[in-house]
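Beneath this line is the structure, given in structure tokens, with notes to follow.
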Amino acid sequence: MDHNFLSVQGLSKRYAAGAPPVFEQVSFGIDRGEFVCVIGHSGCGKTTILNVLAGLEAASDGVVIMDRREIKGPSLDRGVVFQSHALMPWFSVLGNVVFAVRSRWPDWSRARAEEHARRFIAMVGLKGAEHKKPSELSGGMKQRVGIARAFSIEPKMLLMDEPFGALDALTRGVVQDELLKICAATGQTVFMITHDVDEAILLADKIFLMSNGPQACIAEVVINTLPKTRSREAMHHDPQFYRIRNHLVDFLVHRSRQIQAAQASGVPRPPTRIVMPGLEQAVA
């Protein structure tokens with residue numbers, strides 16, 4: 001496994017001179033093929049970090065290296081899926097995905113681009129809906145088109161900002177399952193923001209827990225010790241699920257605020273902890 005695939009070093013962001021940074025000294029690494037979820041309260045800078053990784057926003061300090069190259073702007077090496085699907089309403093499902101494919105490979109023929117697009121449309125379970133317009137699709141189907149579009153450009157990394165936040169619980173579960181299947185098939189590296197603790201446990205190999213802003217940080221990296229082949233049905237019968245879940249919820253309810261209060265009173269911020277809930281292992 002490539003341990004230097006993504007390296008974030010000393011990232012900070014402030015929006016006005018003299019204002020406290022939203023987050024500061026954020027450092028972490030992601031291995032190739034890892035699925036990382038980020039959880040934290042609103043205002044801690046999760047989306048800003050994702051935008052920096054996407055090259056859509058510049059950090060005030062720090063550097064981001066992906067695949068040994070510094071990120072300095074947008075690139076098709078990074079696919080992005082936002083909570084709003086952002087489909088082009090005048091294109092069909094196929095047209096929306098083909099548009100992305102041809103932006104990645106402009107020399108491809110229309111036939112080749114369509115063949116490539118159809119493969120990813122089938123992957124997200126939309127075979128047969130290729131010629132429907134977005135206005136004919138449900139919210140879950142629209143989000144699947146967005147996921148197919150992001151995967152179709154075969155990015156080195158996929159960045160997802162609460163992609164299922166607007167979906168009802170049943171639809172959300174179906175789309176999560178499709179995402180798990182695609183990631184298993186492609187070995188995709190994913191950085192995803194979510195507010196849903198159960199979603200993070202289902203999807204992620206590692207869960208980054210951010211303290212409250214301003215001056216937020218990644219306080220803990222929780223290793224998901226459930227089997228990699230976990231399913232939603234089996235997961236809830238595993239005692240380890242509840243150990244991890246309780247640890248995450250306790251952080252959100254108590255520890256994140258304690259870290260913020262300690263920092264406001266001048267107590268030095270503790271180093272990031274690597275935690276494996278239930279295995280009694282925590283490394284500073």
Side-chain angles (χ1 to χ4, degrees), residues 6-30 35-66 71 78 80-84 157 159-166 190-201 203-204 206-223 244-275 277 282 284:
L6 183 85
S7 176
V8 175
Q9 304 161 11
L11 216 62
S12 301
K13 180 68 177 183
R14 58 178 54 82
Y15 285 101
V22 179
F23 55 84
E24 64 178 349
Q25 289 302 309
V26 167
S27 300
F28 60 87
I30 296 178
F35 198 126
V36 168
C37 278
V38 185
I39 295 179
H41 290 288
S42 296
C44 69
K46 304 182 298 296
T47 294
T48 303
I49 292 173
L50 182 141
N51 286 340
V52 171
L53 299 187
L56 301 174
E57 195 166 340
S60 302
D61 297 293
V63 65
V64 182
I65 307 291
M66 188 183 83
I71 291 176
R78 281 157 273 130
V80 185
V81 180
F82 295 108
Q83 186 169 336
S84 59
M157 187 167 189
L159 304 166
M160 310 182 82
D161 190 356
E162 293 192 73
F164 314 132
V190 182
F191 179 92
M192 174 174 161
I193 294 169
T194 180
H195 277 110
D196 187 323
V197 167
D198 290 6
E199 178 171 82
I201 299 172
L203 298 175
K206 289 178 183 172
I207 301 163
F208 293 175
L209 297 177
M210 290 194 69
S211 63
N212 294 0
Q215 297 176 285
C217 66
I218 294 177
E220 294 183 5
V221 175
V222 176
I223 308 297
I244 298 171
R245 191 178 196 281
N246 290 342
H247 183 90
L248 300 183
V249 171
D250 184 65
F251 178 88
L252 291 171
V253 174
H254 299 295
R255 296 196 306 280
S256 61
R257 292 184 172 87
Q258 290 167 358
I259 292 169
Q260 183 186 38
Q263 205 163 333
S265 62
V267 176
R269 187 172 67 197
T272 301
R273 299 170 71 241
I274 310 298
V275 183

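Numbers here are sequence positions counted from 1.
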Requested in this report: Check step by step if side chain to side chain contact (heavy atoms under 4.5 Å, CB included) holds for Phe28 and Val221.
Outcome: CA-CA 9 Å; Phe28 60 87; Val221 175; 5.8 Å; no
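- When the ring pair (Phe, Tyr, Trp, His ring centres under 6.0 Å) test is applied to Phe35, no partner is found at least two apart in sequence or on another chain.
- Between Val52 and Ala59, the shortest heavy-atom contact is CG2-N, 4.1 Å.
- Note that CD1 of Ile223 and CD1 of Ile207 are 9.5 Å apart. Values are rounded to the nearest 0.5 Å.
- Gln215 has its side chain within reach of Pro21: a pair of non-hydrogen atoms, C-beta onward, lies under 4.5 Å apart.
- The structure places CZ of Phe164 at 15.5 Å from NE2 of His195, a figure rounded to the nearest 0.5 Å.
- Closest non-hydrogen pair, Phe191 versus Ile30, comes out as CD1-CD1, 3.7 Å.
- For the atom pair CZ of Arg273 and CD1 of Ile218, the computed distance is 15.0 Å after rounding to the nearest 0.5 Å.
- Ion pairing between a basic and an acidic side chain is recognised when a charged N comes within 4.0 Å of a carboxylate O; Asp61 and Arg14 show such pairing.
- For the pair Val63 and Leu11, the tightest heavy-atom approach, listed with the atom from each and the gap, is N-CD1, 4.1 Å.
- A cation-pi arrangement is absent between Lys206 and Phe208, since the terminal nitrogen or guanidinium carbon is not both under 6.0 Å from the aromatic centre and inside a 45° cone about the axis.
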Requested in this report: Quick one: do Asn212 and Ile259 satisfy side chain to side chain contact (heavy atoms under 4.5 Å, CB included)? Show the steps, please.
Outcome: CA-CA 8 Å; Asn212 294 0; Ile259 292 169; over 6 Å; no
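- Looking at Val8 and Leu53, their side chains come closer than 4.5 Å, going by heavy atoms from C-beta outward.
- No side-chain heavy atom of Leu209 sits less than 4.5 Å from a side-chain heavy atom of Val275.
- Within the 4.5 Å cutoff, the side chain of Glu162 has no heavy atoms near those of the Glu199 side chain.
- Across Cys44 and Met210, no two heavy atoms sit closer than the pair O-CE, 3.3 Å.
- For the atom pair CG of Leu252 and CZ of Arg257, the computed distance is 8.5 Å after rounding to the nearest 0.5 Å.
- With Lys13 contributing its side chain and Ala58 its backbone, the two residues share a donor-acceptor pair below 3.5 Å.
- Put simply, the side chain of Ser7 never gets that close to the backbone of Gly29: no donor and acceptor are under 3.5 Å apart.
- Nearest heavy-atom pair across Gly55 and Arg78 is N-NH1, 3.6 Å.
- Of all non-hydrogen atoms in Val80 and Ala54, the two that sit nearest each other are CG2-CB, 3.9 Å.
- In this structure, Val38 and Ile49 have side chains that are not in contact, with every pair of non-hydrogen atoms separated by 4.5 Å or more.
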